[in-house]
2 protein chains.
Amino acid sequence: MSALPAQDVEALQGQLNAYMERKGLRSTNQRRLVSEVFFRADGHLSIDEMLALVREQDAKVGYATVYRTMKLLVECGLANERQFDDTVTRFEVAHADSHHDHLICLECKRIIEFEDEEIERLQARAAERHGFKLVSHKLELYGQCAECRGQK
Amino acid sequence: MSALPAQDVEALQGQLNAYMERKGLRSTNQRRLVSEVFFRADGHLSIDEMLALVREQDAKVGYATVYRTMKLLVECGLANERQFDDTVTRFEVAHADSHHDHLICLECKRIIEFEDEEIERLQARAAERHGFKLVSHKLELYGQCAECRGQK
DNA sequence: TTCTATGCAAACCATTTGCATCCAT
DNA sequence: ATGGATGCAAATGGTTTGCATAGAA
């Protein structure tokens with residue numbers, strides 16, 4: 001799993017703090033822990049995975065707090081909620097600049113992000129063809145990753 | 001919502017019956033009702049929507065039977081399960097021939113199917129670029145449909 | 001008759017919420 | 001001190017399952 005450089009994590013924490021201050025929300029240790037774990041991993045974590053990491057620092061943190069903190073991060077635009085083919089909801093860091101899609105390995109469950117401008121363009125065209133004004137999209141490619149194919 | 005021609009519905013019922021016979025499963029009135037409602041609508045129905053339609057014919061049918069029948073239809077390849085942005089699972093008739101993607105109107109929730117060979121080709125290329133062997137994909141475009149745009 | 005399918009209610013599981021308490025401000 | 005945040009447990013909502021009974025074969 002990828003890991004975000006420390007200065008990026010700090011920048012994101014800064015954005016979160018700014019948002020909380022603007023909204024009159026309180027900066028608690030739990031919020032700091034959850035968001036740090038989330039930003040650092042830069043992966044596609046589930047609530048359970050984040051809670052496990054948070055509890056390494058503070059064993060008394062509850063599920064509800066992680067749910068509530070992630071909801072806050074989604075609200076302020078720093079996290080996106082994603083549902084892949086399993087039952088759990090996963091969260092990813094919302095990189096403000098560019099949209100990306102996902103390649104998901106059916107064997108090892110690895111999730112890789114990619115971008116393809118050409119596909120984006122064709123999507124816009126397809127939407128137009130049906131009279132739609134395109135707002136957002138979701139593209140997931142499922143298959144076997146290079147490593148899992150190699151191991152056979 | 002679209003509606004499938006009667007002869008297509010019959011063909012699908014035939015496939016289901018063949019499957020049940022092959023597997024030694026029983027042809028019950030409930031299975032007939034649920035599959036008929038599902039095939040006829042040819043839309044993207046939720047369990048609740050199907051149960052409501054089924055109960056117009058037989059008020060005593062239970063939720064579990066609809067769930068179990070749809071599971072059966074997925075197993076025999078006549079239905080696909082889909083999760084769009086809401087919480088409910090929806091089912092669509094699996095047309096054996098070709099893959100399709102979805103345009104979803106954020107306002108009226110209408111779901112339109114479309115195909116785009118060029119996009120498919122680019123998806124395969126993107127997967128390849130990352131060393132993936134592509135198995136399946138999911139593409140959903142969200143926006144406002146022609147009618148909802150017109151109404152403003 | 002035999003054994004699968006059904007209906008009901010209870011069980012499940014992820015997520016949300018109510019409430020007393022805690023703690024950042 | 002005040003009111004938002006937390007932790008716990010209970011509630012919720014979609015889906016699944018156990019079990020006694022109904023009904024295909």
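Naming: A, B, ... by sequence-line order, numbering from 1 per chain. Values below: every heavy atom of this structure, side chains too, minus hydrogens, waters and symmetry copies.
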All heavy atoms of A:Arg149 vs all of B:Phe132, minimum pair found to be NH1-C, 3.5 Å
One character per nucleotide, please: for nucleotides 16-25 of chain C, 5' to 3', B when the base has a protein heavy atom closer than 4.0 Å, S when only the sugar-phosphate does, - otherwise. BBB-----BS
When the distance from CG of B:Leu72 to P of C:dA5 is rounded to whole Å, what number comes out? 8 Å
Between B:Thr87 and D:dG14, is there a contact of a side-chain N or O with OP1 or OP2 at under 4.0 Å? no
Distance check needed: C:dA14 P versus A:Met50 CE, whole Å only. 14 Å
Gap between atoms CG and P, on B:Leu33 and D:dA24 respectively (whole Å): 12 Å
For DNA chain D, find the residues of residues 14-22 of chain B with a heavy-atom distance under 4.0 Å and give them by number; none if there aren't any. none
In terms of the angle between their ring planes, are A:His102 and A:Phe84 parallel, tilted or perpendicular, with boundaries placed at 30° and 60°? perpendicular
Tell me: CD of B:Gln83 to P of D:dG14, nearest whole Å? 12 Å
Distance (rounded to the nearest 0.5 Å) between A:His95 NE2 and A:Asp8 CG: 8.0 Å
Can you tell me how far the CG atom of A:Leu12 sits from the CD atom of A:Gln7, to the nearest 0.5 Å? 11.0 Å
Interatomic distance where CG belongs to A:Asp86 and C1' belongs to D:dG14 [whole Å]: 17 Å
If you compare all heavy atoms of A:Arg129 against all heavy atoms of B:Glu115, which two are closest, and at what distance to 0.1 Å? NH1-O, 4.3 Å
Which pairs, with at least one residue in residues 5-32 of chain A and sequence neighbours excluded, count as a ring pair (Phe, Tyr, Trp, His ring centres under 6.0 Å)? none
Based on the rotation axes of five pairs at each end, what angle does the helix from C:dT1-D:dA25 to C:dT25-D:dA1 bend through, to 10°? 20°
Tell me if the CD atom of B:Glu117 is crowded by more than 12 foreign heavy atoms within 6.0 Å. no
If you look only at pairs with a residue in residues 13-36 of chain A, which of them pass as a salt bridge (Lys or Arg N to Asp or Glu O under 4.0 Å), with sequence neighbours excluded? A:Glu36-A:Arg40
In sequence, state the C-alpha distance, the side-chain angles, and the governing distance for B:Arg121 and B:Glu118, and then conclude on salt bridge (charged side-chain N to carboxylate O under 4.0 Å, His left out). CA-CA 5 Å; B:Arg121 219 178 355 259; B:Glu118 182 101 16; 3.2 Å; yes
Look up atom CZ in A:Arg68 and atom CG in A:Leu73, then write down how far apart they are to the nearest 0.5 Å. 14.5 Å
Grab the CG-C1' distance between A:Asp58 and D:dC8 for me, whole Å please. 15 Å
Solution key, residues 57-66 of chain B side-chain donor-acceptor pairs under 3.5 Å, sequence neighbours excluded:
from, atom 1, to, atom 2, distance (Å)
B:Asp58, OD1, B:Lys60, N, 3.0
B:Tyr63, OH, B:Asp48, OD1, 2.8

From the set C:dA5, D:dT6, C:dG7, return the single nucleotide nearest to any side-chain atom of B:Arg31. C:dA5
